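Notes follow once the structure below has been shown.
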Number of protein chains: 2
Amino acid sequence: MPLDLAGFLPYRLSVLANTLSRELAELYATRFGITIPQWRIIAVLGQHTDVSADFVCARTAMDRVTVSRAIAGLLARRLLIRRVSPADRRCSQLKLSAAGHRIYGEIVPLARGYESALLAELAPAERDALTHALSLLERRLTAR
Amino acid sequence: MPLDLAGFLPYRLSVLANTLSRELAELYATRFGITIPQWRIIAVLGQHTDVSADFVCARTAMDRVTVSRAIAGLLARRLLIRRVSPADRRCSQLKLSAAGHRIYGEIVPLARGYESALLAELAPAERDALTHALSLLERRLTAR
DNA sequence: TGAGAGTAGTTTCAAATGAAACTATAGTCG
DNA sequence: CGACTATAGTTTCATTTGAAACTACTCTCA
């Protein structure tokens, strides 16, 4: 009848995710002076160029307010270039500046390294099982 | 070279955990008028009685400030009883009130049900693989 | 003993968050 | 056209958060 918090999946995921986020936030902040929302935006713009803020919202699972403020911060540091879309003057077209690309080039291997270190103790089959299970859970949640 | 955020483990865990937390927070709020920190405290006091706030901190992975405030809220709603420890007057001894136990009795099956629904699409072996992988990651992180 | 160091818990303050209101532009249809 | 609805993005405001300072008590050891 009693429920053990330490075995309760939402609790475990929350603690784990928050620990990772804190560590990564610290890493990104000291190395590059950016926040996690900013990193996510850079990650999206490293793959897709001249996209709108709403596109970034969809890809980063962040709300508009967070994205708007993170973009403002990146613009202030000239890591991003923003133009108004000529086709639809409500939309912006965002892309990395040269400085933004430089940070992207440095931060991606760092992020990958962090992830690898984290997964280092899992056997390949265990990693696959984890990513597979996460996919199923994600699917369950996005399908309401 | 480009990194896909959707496949980046810390990102996936963060989004998943935040989605679950939001849903559960909504559930606990509408049904019982409590927050997630408050629920965690109730969960601990359902298993351990007459423990200190610091004990609760350790078991819930929440910081002192959060715990202090959540306890204040629960005391205000008379779901908790707090005494000063006679052995060490700095420490409190916390336990659920009768009303607190009643909520505990209702919320535990609800939480379990939520977890089961979440895991419903995973085969038993997949669930085991998930919990096993989470244990390994937890171990990696608590060991610095 | 009693001064200094340490621990339990609370309060304060500044930063992060997100819902709701707002601005500006675009599309619809009478 | 021109009113109405909808969308992109920003700003405002109230709430949540956690680091640091603070209070109160305990422990150590000279």
Side-chain angles (χ1 to χ4, degrees), chain A residues 14-15 17-26 28-30 33-41 44-45 48 50-76 80-95, chain B residues 14-15 17-26 28-30 33-41 44-45 48 50-76 80-95:
Chain A
S14 172
V15 171
N18 288 337
T19 304
L20 297 185
S21 289
R22 247 195 318 277
E23 286 194 5
L24 279 174
E26 169 71 15
Y28 298 154
T30 57
I34 65 172
T35 64
I36 285 200
Q38 289 174 345
W39 142 248
R40 288 184 179 176
I41 291 170
V44 168
L45 296 181
H48 307 276
D50 285 321
V51 296
S52 70
D54 261 16
F55 179 89
V56 171
C57 289
R59 292 282 171 151
T60 58
M62 301 192 293
D63 70 27
R64 281 182 141 152
V65 179
T66 305
V67 169
S68 174
R69 284 195 270 242
I71 288 172
L74 292 170
L75 285 171
L80 238 63
I81 294 168
R82 173 166 62 181
R83 289 181 309 154
V84 170
S85 162
D88 183 342
R89 294 165 38 66
R90 293 170 303 182
C91 298
S92 46
Q93 287 181 341
L94 300 166
K95 62 179 173 186
Chain B
S14 172
V15 171
N18 288 337
T19 304
L20 297 186
S21 290
R22 248 195 318 278
E23 286 195 4
L24 278 175
E26 169 71 16
Y28 298 154
T30 58
I34 64 172
T35 64
I36 286 201
Q38 288 174 347
W39 141 248
R40 287 184 179 176
I41 290 170
V44 168
L45 296 182
H48 306 275
D50 285 322
V51 296
S52 70
D54 261 15
F55 179 89
V56 171
C57 289
R59 293 281 171 151
T60 58
M62 301 191 293
D63 70 28
R64 278 167 130 84
V65 179
T66 305
V67 170
S68 173
R69 285 195 270 241
I71 288 173
L74 292 170
L75 286 171
L80 239 63
I81 293 167
R82 174 166 63 182
R83 289 182 307 154
V84 171
S85 162
D88 182 344
R89 296 166 36 67
R90 292 169 304 182
C91 297
S92 46
Q93 286 181 342
L94 301 166
K95 63 179 173 186

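Everything numeric here is computed off the predicted structure, so don't read it as measured data. Each chain gets a letter, A, B and so on, in the order the sequences are listed, and its residues count up from 1.
- A/R22 comes within 4.0 angstrom of no nucleic acid atom, judged by non-hydrogen atoms across all strands.
- At distances below 3.5 Å, at least one donor-acceptor pair connects side-chain atoms of B/S85 with backbone N or O atoms of B/A87.
- At the phosphate of C/dG9, OP1 or OP2 sits under 4.0 Å from a side-chain N or O atom of B/S92.
- Positionally, the nearest nucleotide of DNA chain D for A/Q93 lies more toward the 5' end than for the other of B/D63 and A/Q93.
- What separates CD1 of A/I41 from P of D/dG9 is a distance of 11 Å, to the nearest Å.
- Taking atom CG on A/D54 and atom P on D/dA6, their separation rounds to 16 Å, with Å as the unit.
- When the P atom of C/dT10 is taken as reference, atom CG of B/L94 falls 9 Å away, rounded to whole Å.
- Side-chain atoms of B/S68 do not come within 3.5 Å of backbone N or O of B/R64 as any donor-acceptor pair.
- In the set D/dT12, D/dG9, D/dA20, D/dT12 carries the atom at the smallest distance from any side-chain atom of A/V65.
- The nearest pair of heavy atoms linking A/I41 to A/A70 is CD1-CB, 3.4 Å.
- Between the CH2 atom of A/W39 and the C1' atom of C/dA16 there is a distance of 21 Å, rounded to whole Å.
- Regarding B/D88, its CG atom lies at a distance of 12 Å from the P atom of C/dT7, rounded to whole Å.
- In this structure, CG of B/L74 is placed 12 Å from P of C/dT10, rounded to the nearest angstrom.
- Side-chain contact check for B/R40 and A/S14: at least one donor-acceptor pair (N or O, by modelled atom type) lies under 3.5 Å.
- Note on A/T35: every side-chain N or O is 4.0 Å or more away from OP1 and OP2 of C/dA16.
- As a whole-Å value, the separation of A/R64 CZ from D/dG9 P is 7 Å.
- A donor N or O paired with an acceptor N or O is not found under 3.5 Å between the base of D/dT26 and the side-chain atoms of B/R90.
- Between A/T66 and C/dG18 there is a side-chain polar atom (N or O) within less than 4.0 angstrom of OP1 or OP2.
- Between B/R69 and B/S52, the residue anchored closer to the 5' end of DNA chain C is B/S52, taking for each the nucleotide with the nearest heavy atom.
- In this structure, the CZ atom of B/R83 is 14 Å from the P atom of C/dG9, given to the nearest Å.
- Using the six-membered ring where Trp is involved, A/Y28 and A/W39 have ring planes that are tilted, between 30° and 60° apart.
- Positionally, the nearest nucleotide of DNA chain D for A/V67 lies more toward the 5' end than for the other of B/R89 and A/V67.
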